[in-house]
Amino acid sequence: MSKIHVTTTINGDPTEYLCEAEDTLLDVLRDRLGMTGSKEGCGTGDCGACSITVDGRLVCACLMLGAEAEGREIGTIEGMAKGDTLHPLQQKFIEHAALQCGICTPGILVAAKSLLERNPDPTEEEARYWLAGNLCRCTGYDKIIRAVLDAAQDMREAS
Amino acid sequence: MALDSKSDGEKLNFKVIGTRPLRPDGIDKVTGRARFGADMSAPGMLVGLVLRSPHAHARIKSIDTSAAEALTGVHAVVTRADFGAVENEATADVLDNCMAGDKALYDGHAVAAVAATSGKIAKQALKLIEIDYEPLPHVTDVDAAMQPDAPSLHDGRANETVPEGMSPNVMARHEFGHGDIEAGLAQADRVLERTYRTEATHQGYIEPHACLASMGPDGQADLWCCTQGHYMVRNTCAEILGIEQGQLRVTASEIGGGFGGKTTVFLEPVALKLAQKSGRPVKMVMSRAEVLRATGPTASSSIDVRIGMTKDGRITAGFAELRYQGGAYPGSPVDMGSMSAFAPYDLENVKTVGWDVVTNRPKQAAYRAPGAPMAAFAVESAIDELAKGFGLDPLEVRLKNAAREGTRASYGPTYPAIGLEATLRKAKDHPHWSAPLGPNQGRGVACGFWFNFGGDTCVSLNITPDGTVTLSEGNPDIGGSRASMSMMAAEELGIPYDKVRTVIADTGSLGQNEVTDGSRVTFAVGLATIEAARAAKREMCKRAAMVWGIDEEAVVWEDGAAKPAGPNAGDHEPMSLAEIAAIASNTGGPIAGHFEVNAEGAGVSFATHMVDTEVDPDTGAVKILRYTVFQDAGKAVHPSYVEGQFQGGAVQGIGWALNEEYIYGEDGILQNPGFLDYRIPVASDLPMIDTVILEIPNPGHPYGVRGVGETSIVPPLAAVANAVSEAAGVRMTALPMSPPRVLAAIQSENG
Amino acid sequence: MQYLSPNTVEDAVQLLASRTGECRVLAGGTDLLVRLRSGMTEPDSVLDIKRIDELRRITREDGGWRIGAAVPGAEMSENADLVSDWPGVVEAVGLIGSTQIQGRATMAGNLCNASPAADSVPALVAADAVARVAGPDGVRDVAVFDVPDGPGKTSLGRDEFITSIFLPARPARSGDAYLRFIPRTEMDIAVVGCAVSLTLDAAGTCTAARVALGAVGPKVIAVKEAADILTGSIIDAATLDRVAQACSAAANPIDDKRGTADYRKHVAGVLARRATAIAKTRAGGAA
């Protein structure tokens, strides 16, 4: 069967790939493009480890076909730091010890960035509900929420 | 040389220990660069997939793989027939769990595997494998499995401790304790008898099992996998495949959570066999459904408790009979449950009896303090009910009976300095204990104990020519251990933290290392790191002595430098680590320290948890309002990661208490193999988890460190149950306390 | 499998009509991709409707709202005027899955997936919403209540698909609400769902009401008895008790891994009472 040719933009870089109709965007990112920062924890949209943005909207890469990315703007964890400068959320996650094993971290960072773009001053409850689709089994979420709220404050003060 | 003594943690003036530096692997993990199990690929790699039993229990009459083998793109098909016999009984069970033999013993049991050029072809190939099953009667409940006429999984495997006439599913009996239970109960003002039940829960790590194997015709093999112990993987795979351990090099990937569930193998021997047969590298990654159906949940339990108490709160006797099913093979953690049940208390009369039972469920794997949380749920619930029945303060009752230094533990040994009492006193003084509660709210407390462990450990610390330090250790970094090892090395060497880089070495680079289990890493690998640093210091002192032309014994190591000391040492400028490193080549060659040990003296650990809950009396829904953990860490090396262990354990316990459970249908099929209906806590379910770190130094570690990872999951089941029972006005004795169960209890209490 | 992505409704209808084999319509994909992944469905083609511009719009129509079939939940929640008119419907859609799911999942997809526990469906039934269906014979409008036929089944023809859902104009002093019960605070499938939509007169008497239950039968249940109790009442405590009883009685649930039948019947009443109170407040009634 012939593959589908897709032209898209990933983290600002024009990207072309061939994929099968069944391939999820997560399959494409990880297996065809070698971008393994997005993780597959469930494949059913229940864990959020594959969180990415599509045209600025937070989605699970496992719940989208690779073919659907044609002409879209994709954002992944690999595009979060600018050169050697970490995003404030990335820096705060390290400072707050908001990761233990680190498998959920890329998805949570992408989701948290999306939150702060829409709501620069979230309450603890708003942050918890926004991130409810990102499972973390190590931390109990305490330090994650603290890191997000702290990063939000820093970003507000910097802007 | 003379080393300053660092045997008493309290007297130490630490410079690095107790600070909160950034973890060295942090940037890799926040940028997506860190490589986990499924993130590796190899040229020419095939995709391996497993075919799993759709039956809870079935005889495998025949397997026909010919159509799958004939499919274009398929390069190998493996069944049990491809594996030889394994002598060691425990390893034979591991093999049987990785690939079923004569019988499929549970829903999801692996029965065949394929390797193909794509996942799509591998999936097609699985459909072409024809298996003739003869379904057999099954049993998944522990009490049902103990009935004499229950369907039998294995005949004749019960060990000598099991009395005649019991169900063939009873594999072993354990007994611990001392004193006279009946005499003790006779002294009580009240004897409480209750039965408690807990459901099986899964470790729930977010990273599914994954590996990448290659194996040549000469028997040399390489394996990349996510595991809590790559040395264990090497040894187990070598034994299963009949190859020499030295021929198999295992490299641990970053690990996306384990909690005990990655202390054994599932895919690895199969991937190696597929790689061997195909002559190509083979990558295998489990789906979430496979993880839940076929990898280690913990045991479910059914526990009878009898406790006698005087009206002033003294426990006169404690008895528990514990029944744990550990899935399809012997080895449930009922032994550890039986040992830990009454471990927090100083009791004259105490006895526990444990029964290890097999059922048609996946083989249980260790889960954070394996066996202890269920036992603590039973005992701590009963003590709470007795205390409240007498109108006593549940913390006071626990203090009154608390084990202390010199207490003879219920499982045998006499305790050295321990921290239980300190956690209880801290809890009693905490503002949380006296905060007001609203309607439909309740507060619960419970204590927990864990043994902690040391084990085989081997580290190597190398001084580079520019004076930085690389530390090689053999335990995957599951939650910040690179940071704590670097901190201990830096502390000991007297150099800045960021001058030490810790790497996780592959199995070809170090001697045997026990898996990351038993909360052992910060203790045992830390101890070995400190000793390795001391060996390197001795060598550096020797080099300085050589340069100065003085006796080795006249050189001391202080503040990261060799210094002359003593009356005859002479006047020499201190030589820093970097200065000694720079001339190492001219003073005898490279400088390194190493240490190998089977570490003992891990030091038991205790915690007290306090939780407030609110129950919706109309729906039975439970909300966690406030949570505080009080735990003894011995010495907190990196307090942030100690807090993280406390918080993570507490939340896993909350999940176990409220909504997590393995649900089997009448057909023995798992009903909820996904994160949708296997309900681990989400961020919006929880408040902040407050922590109080106590530091009662462990005499078995140079800095006083105790393991902290596991104890934190022991108290929450009971603490939450005690809080919910108070809020709901009815005693909850079965987990999970899901809304339908809580509502049913409220309704039956209200008639 | 083939991936099809037409740009017009006409092309989509033509593609659907001309396909041999099974073709699944792909809107948000949050249910379909899970089925594809697990092998529960193995269609010969999927037809992505997100490239059809008119299906991506939220538009005002006859005082009501037309929601395109490819509009994700997040866009509905971000439309303040829509939220103001139909807070219960938007809340119901907003409860489907996580933030990530909201970025993709559509109301039409939720309806066509035909799960008895679909969150948006009771709210749409209470709202008396109408689905517009395109097929080889043109478009037809069908009450949302008539779309699901049972678990996983709809009344749509194999070459038909929903292009939009219409929410009617709101009379003054109207309010709606949807509540569901789940064991956690997020990420679960509804154990019970209950939607109420009502209108009050100036004196606070209920002049019209619709009540619907989810997850307590093979498909959404419209509880006429509860609506009748509400209509003409001033919705006092006694009324709420009767509404709760009517909903518990109307519920026809099963025992499963998410809850027992008894539990669901009881909670249907609890939610009905609470949702009615919220809808009343939203309609301007005294609390």
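Treat the numbers as computed from the prediction; the structure is a model and nothing was measured. Chain identifiers are assigned alphabetically (A, B, ...) following the order of the sequence lines, protein sequences preceding nucleic acid strands; residue numbering begins at 1 within each chain.
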Next on the checklist: side chain to side chain contact (heavy atoms under 4.5 Å, CB included), that's the test. Do B:Met610 and B:Val629 meet it? Break it down for me.
Outcome noted: CA-CA 7 Å; B:Met610 189 180 296; B:Val629 176; over 6 Å; no
Side-chain donor-acceptor pair under 3.5 Å between [X] and [Y], yes or no?
X        : Y        : answer
B:Gln647 : B:Glu643 : no
B:His638 : B:Ser484 : no
B:Asn475 : B:Thr516 : yes

Winner by heavy-atom pair count (cut-off under 4.5 Å) against chain A, out of [options]:
options                               : result
B:Val651, B:Asp28, B:Ile206, B:Val291 : B:Ile206
B:Asp477, B:Asp690, B:Ile27           : B:Ile27
B:Pro687, B:Ser481, B:Ala650          : B:Pro687
B:Arg20, B:Gln203, B:Arg35            : B:Gln203
B:Ala210, B:Gly257, B:Gly648          : B:Gly648
B:Gly204, B:Pro208, B:Pro476          : B:Gly204

Next on the checklist: What I want to find out is whether B:Arg23 reaches B:Asp25 closely enough, with some N-O distance under 4.0 Å, to be called a salt bridge.
Outcome noted: yes
Item to check | Check against ring pair (Phe, Tyr, Trp, His ring centres under 6.0 Å), B:Trp656 and B:Tyr367 | outcome: CA-CA 12 Å; B:Trp656 198 338; B:Tyr367 181 22; 5.5 Å; yes
For [X], is it the side chain, the backbone, both or neither that has a heavy atom under 4.5 Å from a heavy atom of chain A?
X        : answer
B:Ser287 : neither
B:Glu254 : neither
B:Val30  : both
B:Leu686 : both
B:Ser41  : neither
B:Tyr627 : neither

Item to check | Contacts of residues 102-131 of chain A with chain B (heavy atom under 4.5 Å) | outcome: A:Gly102, A:Ile103, A:Thr105, A:Pro106, A:Leu109, A:Glu124, A:Arg128, A:Tyr129, A:Leu131
Taking every non-hydrogen pair under 4.5 Å, which of [options] racks up the most with chain B?
options                             : result
A:Gly37, A:Gly140, A:Gly41          : A:Gly41
A:Ala132, A:Ala49, A:Gly45, A:Gly43 : A:Ala132
A:His96, A:Met80, A:Lys39, A:Glu78  : A:Lys39

How close do [X] and [Y] get, heavy atom to heavy atom, and via which atoms?
X        : Y        : value
B:Ile654 : B:Val720 : CG1-CG2, 4.2 Å
B:Leu717 : B:Ile713 : CD1-O, 3.9 Å
B:Thr72  : B:Ile121 : O-CG2, 3.5 Å
A:Gln100 : A:Cys138 : NE2-O, 3.3 Å

Next on the checklist: Set out, in order, the CA-CA distance, both residues' side-chain angles and the distance that settles side chain to side chain donor-acceptor pair (under 3.5 Å) for B:Thr295 and B:His202, then state yes or no.
Outcome noted: CA-CA 9 Å; B:Thr295 72; B:His202 195 273; 2.9 Å; yes
Checklist entry - For A:Leu86, is it the side chain, the backbone, both, or neither that has a heavy atom closer than 4.5 Å to a heavy atom of chain B? => result side chain
Next on the checklist: Is A:Thr139 close to chain B through its backbone or its side chain, or both, or neither, when contacts mean heavy atoms under 4.5 Å?
Outcome noted: backbone
Checklist entry - Is there side-chain contact between B:Tyr205 and A:Arg137, with heavy atoms separated by less than 4.5 Å? => result no
Checklist entry - Side chain of A:Glu16, backbone of A:His5: donor and acceptor closer than 3.5 Å? => result no
Tabulate below the donor-acceptor pairs under 3.5 Å that side-chain atoms of residues 59-72 of chain A make, not counting sequence neighbours, or state none.
{"unit_1": "A:Glu68", "atom_1": "OE1", "unit_2": "C:Lys50", "atom_2": "NZ", "d": "2.5"}
{"unit_1": "A:Glu68", "atom_1": "OE1", "unit_2": "C:Arg104", "atom_2": "NH1", "d": "3.1"}
{"unit_1": "A:Glu68", "atom_1": "OE1", "unit_2": "C:Arg104", "atom_2": "NH2", "d": "3.1"}
{"unit_1": "A:Glu68", "atom_1": "OE2", "unit_2": "A:Leu65", "atom_2": "N", "d": "2.9"}
{"unit_1": "A:Glu68", "atom_1": "OE2", "unit_2": "C:Arg104", "atom_2": "NH2", "d": "3.0"}
{"unit_1": "A:Glu70", "atom_1": "OE1", "unit_2": "A:Thr7", "atom_2": "N", "d": "3.0"}

